Amino acid sequence: MKPVSYYDIKYLPNSTLKEKFERNINWMLSLTPDQLLYNYRKNAGMDTKGATPLTIWESPDWFFRGHFTGHYLSGASRSFVELNNMEDTDEANQLKQRIDKIVEGLKEVQEKFDTFEEFPGYLCAEPSKRFDDVEKLRFNGNHYVPYYAVQKLMDGLMDAYEFTGNKTAMELTENMTHYFEKRMARLTQDQIDAMIDTRWYQGKGHYVYHQEFGAMHRTLLRLYELNGKKEQDVLDLAEKFDRKWFRDMLIKDDDELGYYSCHSNTELVCAEGMLEYYHVTGDEKYKQGVVNFMNWMHNGHELPTKGISGRSAYPAPADYGSELYDYPEMFFKHLSKLNGESCCSHDLNFLSSELFADTKDATLMDDYEMRFINAIMAQQNNDSAIAEYLYNLSVAPNSTKEFDRGGFWCCVGSGTERHSTLVDGIYYEDGNDVYVAQYFDSILNLKDKGLTITQDSHYPDQHFAHVTVESDKDQEFTVYVRVPKWSAETTITVDGKEINAEPKNGFVAITRTWGKKSEIRVNLDFQLRYQTLADRFNRVAIYYGPILLAAQTKDLPASTKPAAEYLEDLVKVEGKNNFRLAGTDIIFKTLPEIPADTPYNVYVKVPDEDVATTIDTQNDSDKPANEQHSWTLAVDPDKKNYLKITYDYLDGDIYSFQIQDDNKVLFTQTMKNDEWPEDSYYIYPLPIDATKGKNKINIKITPLDYESLNFDIANINKIETMVSNK
């Protein structure tokens, strides 16, 4: 099975997706090639043509720059295809002219670099000294990530080649590849391993060098494929970015992302590289590793939007509050500040789409749908098309969406690229059969089959999918339509006649001889429901079907009613997917509807949900000093178990310590009094493999040795084990 080609799909006129796509086109057309070439020309000592430089991450004095030009080339090249599909040749040609000018300008820059760089083929908006620093593991407080910027440019150039036919773009990419082959040929494997190690914490008591290198593994494998899998040196270079510790962690299905304080989007695109390696070599271990990774995301790391990223479990510098992994199901601290980096949502959906084509796992598409509706559709600023960097799904009140109209950080680049591809993930071909995996307005035209499929129901504003299948001739094949897990009562009709809507593996197969025109209608069961925060049982997120609702209000009062009764007080606003809280003026809205700088609350505070029951309670008070901070606690061998620790109030110090069983560190906890948790406790969902088949668990807490500091353990008032009531 494979996703349909860009050349076979287009946006439905007057649809939300097309509106966002066009807004993105206007944004790209507002920028000039000379602006996008500014930093590259300046870095090569060339005339910058009087252009006005871009800002923030693309300002000439920023310590890394150049990534946005690559994102722009990708977005413009893929939009070029879509615009031609929709017969909008004027804007398509405008974008093509910009692409060609940028590529020609980059060619001149590369030629200038060839006159003084050590090896030919250098092309970057940063000096090559940045790569020297990376190779020597130099870190002076600025987060140098030159490979990240180079990888984005290489992808953008390959998109210009693949989607607009610009052969020079491919030549530039190949020249860059040969440059990095020569650079890395001078390094030992140990040097390479240290250079591309992204673990902030490795169980050592000193600082570990860390830098991001983007999707170099995937990008080089793509180049290898585009050139017909003939260049062994390109494959060899790609394999140098395949880190053994990460590969083994995924293949062994041992989620230590939080333990290592990994950077969310870096590891995500490395998983993309593993899947691409499976596509190139057929090595099933790599695919299984990615399946494991996506299961970790689904079960332990996804926020209510189905996006990821937030706090680290460690103190600074490993914690900078927005782009990191914590331990699985540890969300309460995770959600105390900004979170949900937009880049992660785009890359998660890309990886979900690619992996679904390999596995047909409908859960990937269920998550894709919710992430698309609640994260990606809320990312673009309707005034300017500038994309939001981080969401605020904080458990603290009064979140806001913040758009900086001058910013060119990573998510502005990702947003510019991905808003050219909003029709991704909808349709897949499996031989003659077609999978309709998403219900977003679009037109699929499979010219070689004489088949057109149109969706025009403006889902999820309306609660059904309307799929029109038109064939030039009578032909038998199967259309698979997805039934989301959240839709309890689904009905499906074909040409007005109801069919069996019981899904198999998440899809209903409709096999028939399709003629001139048939209509499929999938009626979905939109109901209010709630999800309890995994590690804080008095916080719930509310959904209406796949839609996450947020209260657009400055201060949302805590509920005195249980969550189920709270839902009964939400009254539907006629004609909208909004709800009014009875007896108030508080409206719960979809995240895309909430304007920038407007306070909202995703989580509702309710009385504790009946999630788990305490089965053992102990403390340190009656133990001798040498036995404190260790316990043997009861657990249930067959159910989900939790550890709940109530702490005494802290002084002004930072406390950081590790909670472990007999085999491994289960959690790391960092605490300080200005982030003191309400009610003084944290809940730690225990991994299933830590308690399976056991009636007791040995817990020990040890101080963290990190950054040459030996942190203290916070005073523990009470420690409990709880067992799930399910």
Side-chain angles (χ1 to χ4, degrees), residues 23-79 94-95 97-110 112-113 122-127 130 142-157 159-160 169 172 212 214 265 341-343 346 379-381 383-390 402-420 596:
R23 190 179 293 122
N24 195 54
I25 296 291
N26 293 334
W27 156 242
M28 286 193 287
L29 291 176
S30 73
L31 303 171
T32 69
D34 287 338
Q35 285 180 294
L36 294 157
L37 289 165
Y38 184 99
N39 284 324
Y40 288 89
R41 285 170 170 161
K42 183 178 175 64
N43 192 34
M46 299 171 64
D47 181 7
T48 56
K49 310 291 186 182
T52 301
L54 304 179
T55 60
I56 314 294
W57 282 16
E58 291 296 333
S59 62
D61 57 352
W62 191 247
F63 51 85
F64 66 91
R65 49 197 177 270
H67 79 107
F68 183 78
T69 302
H71 283 300
Y72 184 96
L73 286 171
S74 290
S77 300
R78 292 167 188 257
S79 294
Q94 288 185 61
L95 284 180
Q97 290 169 9
R98 280 168 164 75
I99 292 165
D100 291 344
K101 286 181 179 178
I102 293 169
V103 171
E104 186 58 34
L106 290 171
K107 180 175 185 290
E108 294 171 357
V109 170
Q110 193 175 70
K112 180 64 181 294
F113 277 127
Y122 189 72
L123 181 55
C124 189
E126 302 174 62
R130 292 286 188 261
N142 286 333
H143 196 43
Y144 296 148
V145 288
Y147 276 104
Y148 167 88
V150 160
Q151 178 261 310
K152 300 302 179 192
L153 182 62
M154 293 174 74
D155 259 354
L157 288 167
D159 282 337
L172 297 180
E212 300 171 39
N265 206 44
E341 186 183 10
S342 293
C343 290
H346 293 301
Q379 185 201 18
Q380 188 187 71
N381 187 341
D383 295 331
S384 67
I386 291 285
E388 188 175 27
Y389 174 22
L390 299 164
E402 298 175 0
F403 298 97
D404 184 332
R405 289 166 175 77
F408 283 87
W409 48 79
C410 56
C411 296
V412 174
S414 294
T416 301
E417 176 181 345
R418 297 300 189 186
H419 278 78
S420 69

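Heavy atoms only: backbone and side chains are in, while hydrogens, waters and symmetry mates are out. Not measured: the values here are computed from a predicted model.
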Is the shortest heavy-atom distance from the side chain of Tyr40 to the side chain of Leu153 under 4.5 Å?
yes

Residue pair Asn24 / Trp27, side-chain heavy-atom distance below 4.5 Å:
yes

Any chance the side chains of His346 and Gln379 put a donor and an acceptor closer than 3.5 Å?
yes

How far apart are the closest heavy atoms of Val150 and Leu123, and which atoms are they?
CG2-O, 4.4 Å

May I ask you to check whether Trp409 and Tyr148 place their ring centers less than 6.0 Å from one another?
no

Using every non-hydrogen atom in the two residues, find where Arg98 and Pro33 come nearest and quote the distance to one decimal.
CG-CG, 3.9 Å

Any idea which heavy atoms bring Lys112 and Gly45 closest together, and the distance?
NZ-O, 3.6 Å

For residues Asn39 and Thr69, determine if any side-chain heavy atom of one lies less than 4.5 Å from a side-chain heavy atom of the other.
no

I want to check something: taking the side chain as every heavy atom from C-beta on, are Cys411 and Glu341 in contact at a cut-off of under 4.5 Å?
yes

Do you know which two heavy atoms are closest between Arg65 and Pro127, and how far apart they sit?
NH2-CD, 3.9 Å

Sidechain-backbone polar pair: Ser74 side chain, Asp159 backbone, donor-acceptor under 3.5 Å
no

Heavy-atom pair of closest approach, residues Gly156 and Leu73:
O-CB, 3.6 Å

Between the CD atom in Gln35 and the OG atom in Ser30, the distance rounded to the nearest 0.5 Å is 7.5 Å

Just so I know, are the side chains of Leu54 and Tyr38 near enough to count as touching, which here means a heavy-atom distance under 4.5 Å?
no

Evaluate the ring planes of His71 and His67, with Trp represented by its six-membered ring, and classify them as parallel (under 30°), tilted (30 to 60°) or perpendicular (over 60°).
perpendicular

CZ/Phe68 to NZ/Lys152 distance, rounded to the nearest 0.5 angstrom?
13.0 Å

Does Arg418 reach the main-chain N or O of Cys343 with its side chain, forming a donor-acceptor pair under 3.5 Å?
no

Between atom CG of Asp61 and atom NZ of Lys42, what is the distance when rounded to the nearest 0.5 Å?
9.0 Å

Closest heavy-atom pair and its distance - Val103, Ala160
CG2-CB, 4.5 Å

Starting at CG of Leu36, measure out to CD of Glu58 and round the result to the nearest 0.5 Å.
8.0 Å

Is there a side chain to side chain contact (heavy atoms under 4.5 Å, CB included) between Val109 and Arg41? Walk through the geometry before answering.
CA-CA 6 Å; Val109 170; Arg41 285 170 170 161; 3.9 Å; yes

Output yes when a side-chain donor or acceptor of Thr48 lies under 3.5 Å from a complementary backbone atom of Ala51, and no otherwise.
no

Applying side chain to side chain contact (heavy atoms under 4.5 Å, CB included) to Ile25 and Leu95, what does each step give before you reach the verdict?
CA-CA 9 Å; Ile25 296 291; Leu95 284 180; 3.8 Å; yes

So how far is it from Asp100 CG to Lys107 NZ, rounded to the nearest 0.5 Å?
13.0 Å

From CA spacing to verdict: side chain to side chain contact (heavy atoms under 4.5 Å, CB included), Tyr72, Ile102:
CA-CA 10 Å; Tyr72 184 96; Ile102 293 169; 3.8 Å; yes

Cys410 versus Tyr389: any side-chain heavy-atom pair under 4.5 Å?
yes

Side-chain donor/acceptor of Ser59 to backbone N/O of Ile56, under 3.5 Å
yes

Which value, rounded to the nearest 0.5 Å, describes the distance between Lys49 atom NZ and Thr32 atom OG1?
12.5 Å

